Protein chains: 2
Amino acid sequence: MKRILEVQKQLVPDLLDVMKKRYTILHHIMISGVIGRRTLAVSLNITERVLRGEVDFLKSQGLLEIESNGMRITPAGQLLLDQIEPMIKEVFELTDLESQIRTTYGLSQVIIVPGDSDRSFFTKKELGRTAATILRKLVTNGDVVSVTGGSTIAEVANHMSSSAPIKEAWFVPARGGLGESVELQANTVASQMAQRIGGQYRLLHVPDDLGEEAYQSLLQEPSVKEIVSFVRNCRIVVHGIGDAMVMAKRRKVGEATISMLQNVGAEAEAFGYYFDNNGHVVHKMMTLGLQLEDIQETEVVIGVAGGQSKGKAIAAFLKFGHEDILVTDEAAALEIIKYAP
Amino acid sequence: MKRILEVQKQLVPDLLDVMKKRYTILHHIMISGVIGRRTLAVSLNITERVLRGEVDFLKSQGLLEIESNGMRITPAGQLLLDQIEPMIKEVFELTDLESQIRTTYGLSQVIIVPGDSDRSFFTKKELGRTAATILRKLVTNGDVVSVTGGSTIAEVANHMSSSAPIKEAWFVPARGGLGESVELQANTVASQMAQRIGGQYRLLHVPDDLGEEAYQSLLQEPSVKEIVSFVRNCRIVVHGIGDAMVMAKRRKVGEATISMLQNVGAEAEAFGYYFDNNGHVVHKMMTLGLQLEDIQETEVVIGVAGGQSKGKAIAAFLKFGHEDILVTDEAAALEIIKYAP
DNA sequence: CCATGCTGGACAAAAAATGTCCCGTTAGTA
DNA sequence: TACTAACGGGACATTTTTTGTCCAGCATGG
């Protein structure tokens, strides 16, 4: 059964939604016993007309009957409900998880892909593809999109595409270079996204971690200054979320910093900031590029991260409270829910 | 798996069609390697625009990719195809059989339920339920529906239902009484259908097989005369189809008639007429009620019969060429195809 | 006997799907 | 190298479907 549903999810996702809608209506009618169209429309939060269409359909299928005092389910409808319930549960498990996370962490949208990025590279690809789809839909001409680096976000760039080029979309790195392999750099990611979507990009040629002195001098540099202000005024941010310790090591910070991070309980890292498991900032890298206060102004903040091992970190970052859209995977989602506030 | 699809068919009837359409497109692309939109549209016999919509969708699902020289399937698409192929085969086996029978015998609609009514009583029930659904959709106010008797048609009556009563639907027996058990009589079937659909019925209180004399005298009877004309002007006929010999014996015709029927090669029986395997009438019972020439005038003629043993008879009757809708089962359908003209 | 809540008809407005053409590009061929 | 055929994608009028909004008429319960 699982197999066929998986296939259908790919081939006819919209019809599965229709299925759920009809199931929900039927289910609600079953619960209510007898209920009128208007009342039902309000309690299901659909417009009366749409409900009517569905109800007419369900009636024609003999699943419910309509009398002058309202609608009630027929035996055939009851039977159908019993049979379909496990199916719906299975198909929309993730959908439910999505709305749980959405409401508990106060996000505007959560998308969960099945699987575990830690275990399957395919899941990570899927995560990227999904995020790419989301992003593509959001970007319009005139937008500035700033992106971080990392393998997940690179995967997003990989799956980005656009049938119609969006020429006036600008992609910029949120932060400077990180000294890792070139394809994971924010610069690379930004340029790749721009190319794939048919837009523009600008690069930020500075290292991500700066000393005070270098910071100040670079900030004076007109070319740097200009692009930094460009970055900081973006409309959309796409960023990864990492485990604090993993990221600290990857960024090759000193021993001292690492133990400091451990002491203050750093859990998550995102664009150079470290967060503890209450979502408080416990450390920041001295850097040009996007700052935390910019995030709070940014219209759309999209986090993309998956894998069971990252669940805790994602939860920690979400508690910071300025994420809008989260794209993650099933394994991480289950962790995230565990650490719900 | 069958179960899940059955349930889905009720809630989202076109789900499978859409699924098949997309499968076919994807499959064709897979076969072709690289193919352009127009070429594909022609070879699949869909209009270009519709294909384009589907292709865009499949692309957005990451199942195929489009380049300037054509479309090709992605690994994900290939994987999906591999998974879905057996499913499609299984699900649409019967659909294919349906259209084969439909076209070879020139019917307007063929419905095949899985199984063999000879072997499983459940299949017979399903046959009845399916036919009942078809009939319910056809009947509207003002219609006169004439029905024959027999266990299959009785099963149809059993599963008839209607949420909104169709008060001005009339159900009448196509023929007189047959001296079998009461629940299989055409009269009983007609009344039961009427009751279940909330309509009216009239009965024909005459034996099915009449001598010339009795025939003439009953025909003078005003009450009989009236209902007969009612029956003969029906808009819809629902009838069973039987094996000629089986029916002859059941009708307790004389030895002479039986050997005559054997001599002329009678194969099928339907509403008192016997047909050979070319669909020619080889014998008729002298009877009141629906006549063969009425069938040719009737708007909708629905035959319901199943079971491997009846396949040959059904084929014979279909060759007569005045059936519109056939509801049968898998076992019979396979036989029917064997005897295709 | 009235008020309430229900269905179902009606219809304009909005949105989506569809049929058709065309254009610039590209790959393969002569 | 030049040409041709086939490609994707843009565009747009037209048809079909969906949706929002009212309202009439009918039960039902107080």
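Note that the structure is a prediction, hence the values are computed from the model and not measured. In what follows, chains are A, B, ... by sequence order, proteins preceding strands, each numbered from 1.
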Quick one: does A:R38 reach the base of C:dT7 with a side-chain donor-acceptor pair under 3.5 Å? yes
Please evaluate the base of C:dG8 for a donor-acceptor partner in the side chain of A:R37 within a cut-off of under 3.5 Å? yes
May I have the distance from [X] (atom [atom1]) to [N] (atom [atom2]), rounded to whole angstrom?
X: A:R52; N: C:dC6; atom1: CZ; atom2: C1'; value: 11 Å
X: A:D56; N: C:dT7; atom1: CG; atom2: P; value: 10 Å
X: B:N69; N: D:dA6; atom1: CG; atom2: P; value: 14 Å
X: A:L40; N: C:dC6; atom1: CG; atom2: P; value: 10 Å
X: B:I29; N: D:dC7; atom1: CD1; atom2: C1'; value: 13 Å
X: A:L58; N: C:dT7; atom1: CG; atom2: C1'; value: 16 Å
X: A:L51; N: D:dT18; atom1: CG; atom2: C1'; value: 14 Å
X: A:E54; N: D:dT17; atom1: CD; atom2: P; value: 16 Å

So, the side chain of B:E48 versus the backbone of B:R38: is there a donor-acceptor pair under 3.5 Å, distance only? no
Distance below 4.0 Å between [X] side-chain N/O and [N] OP1 or OP2:
X: B:T39; N: D:dC7; result: yes
X: A:K59; N: C:dT7; result: no
X: A:T47; N: D:dT19; result: no

salt_bridge([X], [Y]) N-O dist < 4.0 Å:
X: A:E155; Y: A:K124; value: no
X: B:D96; Y: B:K20; value: yes
X: A:E54; Y: A:K21; value: yes

When you get a sec, tell me which of D:dT19, C:dT26, C:dG19 is the closest nucleotide to the side chain of B:V50? C:dG19
What's B:E48 touching, base or sugar-phosphate or nothing? Going by heavy atoms closer than 4.0 Å. base
Between B:W170 and B:F230, is the gap from one ring center to the other below 6.0 Å? yes
